[in-house]
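Written below as structure tokens is the structure these notes are about.
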Amino acid sequence: MIPVCEPLLIGNELEYVKDAVASSWISSSGKYVAELEKKFPEYIGVNYATLTTSGTTALHLALRAIGIGEGDEVIIPAFTMIACAFSVCYCGAKAVFVDADRETWNMNPDLIEEKITSKTKAVMAVHIYGHPCYMDPIYEIAKKHNLLIVEDAAEAMGSEYKGKKCGSLGDISCFSFFANKMITCGEGGIVITSNKNFYDKCRYFKNLCFPLDKPRVFSHDDIGFNYRMTNVHAAIALAQLEKVDVYINSRREHAKLYNERLKEIRGITLPCEKDWALNSYWMYSILIEDEFNLSRDQLMQTLKEKGIDTRPFFIGMHRQKSLKDFGCDSSGDYPVTDEIAGRGLYLPSGSGLKVEQIDYICDTIRALAKNDKL
Ligand SMILES: Cc1ncc(COP(=O)(O)O)c(C=O)c1O
């Protein structure tokens with residue numbers, strides 16, 4: 001089976017892990033934590049970073065640090081990964097959904113303003129599958145309504161908006177280091193920001209609200225979390241960061257090959273790259289239109305039988321029982337989200353994918369499109 005995504009550990013991972021273990025600095029202090037918290041924000045182009053245990057906890061921490069709480073509303077895309085909505089719920093706030101744009105699959109900025117109420121405190125800009133959000137109107141709306149921008153760049157390591165890296169576009173930004181992400185340490189995440197106050201709040205809440213200036217004093221003024229990443233995980237993530245440009249280039253190269261081989265096939269919509277965007281193609285994603293021989297689900301099933309693993313697109317946030325039960329308004333229509341959720345899938349996209357594998361995947365799809373006997 002060609003996996004949909006496999007981590008590629010081709011650098012100093014083992015050496016750094018051995019060093020961390022040998023040094024006995026295996027908990028959440030140590031040189032790899034310090035080094036990664038320095039190098040990662042430098043790479044993105046912001047001032048401060050704090051590591052977390054996952055992308056989900058990074059989002060929760062970021063929202064808590066900027067002051068999201070009970071009674072607040074946060075605007076998020078209807079078409080996104082569930083962690084975006086859950087992180088809002090963890091704060092006791094409500095996630096408010098905005099439908100997607102048919103081309104980029106990101107939140108449609110034209111539909112944000114109508115969702116703003118006196119309770120809205122922030123907009124979460126999520127760069128889906130590696131394509132950046134169109135930020136200019138989001139900046140304008142945020143300024144006009146005094147909203148903070150939380151960037152979820154979990155899927156957009158290496159992506160750029162008008163020459164600036166995703167992760168440097170919001171007031172505070174989050175990444176995930178889950179195994180399928182551009183860089184990984186198995187499980188992990190990071191919050192980055194250039195706002196010193198938000199950074200200090202993140203460090204405070206992530207460490208059980210131990211006082212920042214007296215970390216060993218057992219006096220806690222607020223409810224905090226333990227979202228600290230270990231030095232062993234940081235060792236892996238640092239080795240991965242050293243190779244990040246290799247991974248980004250290979251995903252972009254793979255996308256080029258996929259595009260060339262799939263573009264002539266009727267009924268397949270390819271992923272876009274707007275002229276203001278650099279798409280990292282974190283996951284090479286396509287839509288299966290009515291003109292294709294098979295439905296999306298039939299295609300996925302047939303590809304599986306041919307040894308090719310795929311994943312369907314996210315299901316809209318308005319369709320999630322958990323969020324409805326929590327009290328997020330799930331009424332209203334999200335036609336673009338529903339449409340792409342039903343048509344979209346992503347093909348094998350790992351950085352270590354071979355050209356022969358891409359050829360085999362595309363030949364298989366082409367044959368199915370023509371209804372050839374394979
Ligand atoms: C857009 C987005 N946000 C948040 C997350 C959550 O990250 P994690 O799985 O590390 O908790 C993911 C993970 O897949 C994601 O794709």
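Numbering of ligands and ligand atoms starts at 1, following listing order.
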Flag yes if more than 12 heavy atoms outside K354 fall under 6.0 Å of its NZ atom; otherwise flag no. no
Would you say the side-chain atoms of T120 and K115 include a donor-acceptor pair closer than 3.5 Å? no
Does the residue K181 have a heavy-atom contact with ligand 1, meaning some pair of atoms that are separated by less than 4.0 Å? yes
Determine, step by step, whether H60 and F225 satisfy the ring pair (Phe, Tyr, Trp, His ring centres under 6.0 Å) criterion, reporting the C-alpha distance in whole Å, the side-chain angles of both residues, the deciding distance to 0.1 Å, and the verdict. CA-CA 10 Å; H60 179 209; F225 332 112; 4.4 Å; yes
Purely on distance, is any nitrogen or oxygen of F314 under 3.5 Å from one on ligand 1? no
Which atoms of ligand 1 sit under 4.0 Å from any heavy atom of S176? 7 (O), 8 (P), 10 (O)
Closest protein heavy atom (residue, atom, distance) for atom 16 (O) of ligand 1: E155 OE2, 2.5 Å
Looking at V126, which atoms of ligand 1 are within less than 4.0 Å of one of its heavy atoms? 1 (C)
Measuring centre to centre across the rings, with the benzene-like ring taken for any Trp, is W105 within less than 6.0 Å of F313? yes
Below the 3.5 angstrom mark, is there an N/O of T80, backbone or side chain, next to an N/O of ligand 1? no
In terms of residue, atom name and distance, what is the protein heavy atom nearest to atom 8 (P) of ligand 1? G55 N, 3.4 Å
Looking only at protein heavy atoms, identify the closest one to atom 12 (C) of ligand 1 and say how far it is in Å. M81 SD, 3.5 Å
Location of contacts on T56 toward ligand 1, heavy atoms closer than 4.0 Å: both
Note: ligand 1 atoms sitting under 4.0 Å from heavy atoms of S54 are 10 (O), 11 (O)
Ligand 1-proximal atoms of I128, by part, heavy-atom distance under 4.0 Å: neither
From the options F178, Y129, F175, select the one whose nearest heavy atom is closest to atom 9 (O) of ligand 1. F178
Any donor-acceptor pair under 3.5 Å linking the side-chain atoms of T230 with those of H233? yes
Under 6.0 Å between ring centres, would you say that holds for F314 and Y129? yes
Out of T57, D152, T53, indicate the one that has the non-hydrogen atom closest to atom 4 (C) of ligand 1. D152
Does an N or O from E187, backbone or side chain, lie closer than 3.5 Å to an N or O of ligand 1? no
May I ask you to establish whether R203 and Y199 are in a cation-pi arrangement, using a distance under 6.0 Å from NZ or CZ to the six-membered ring centre and at most 45° from the ring axis? yes
Using 30° and 60° as the class boundaries, would you call the ring planes of H220 and F218 parallel, tilted or perpendicular? tilted
Are the aromatic ring centres of W276 and Y134 under 6.0 angstrom apart? yes
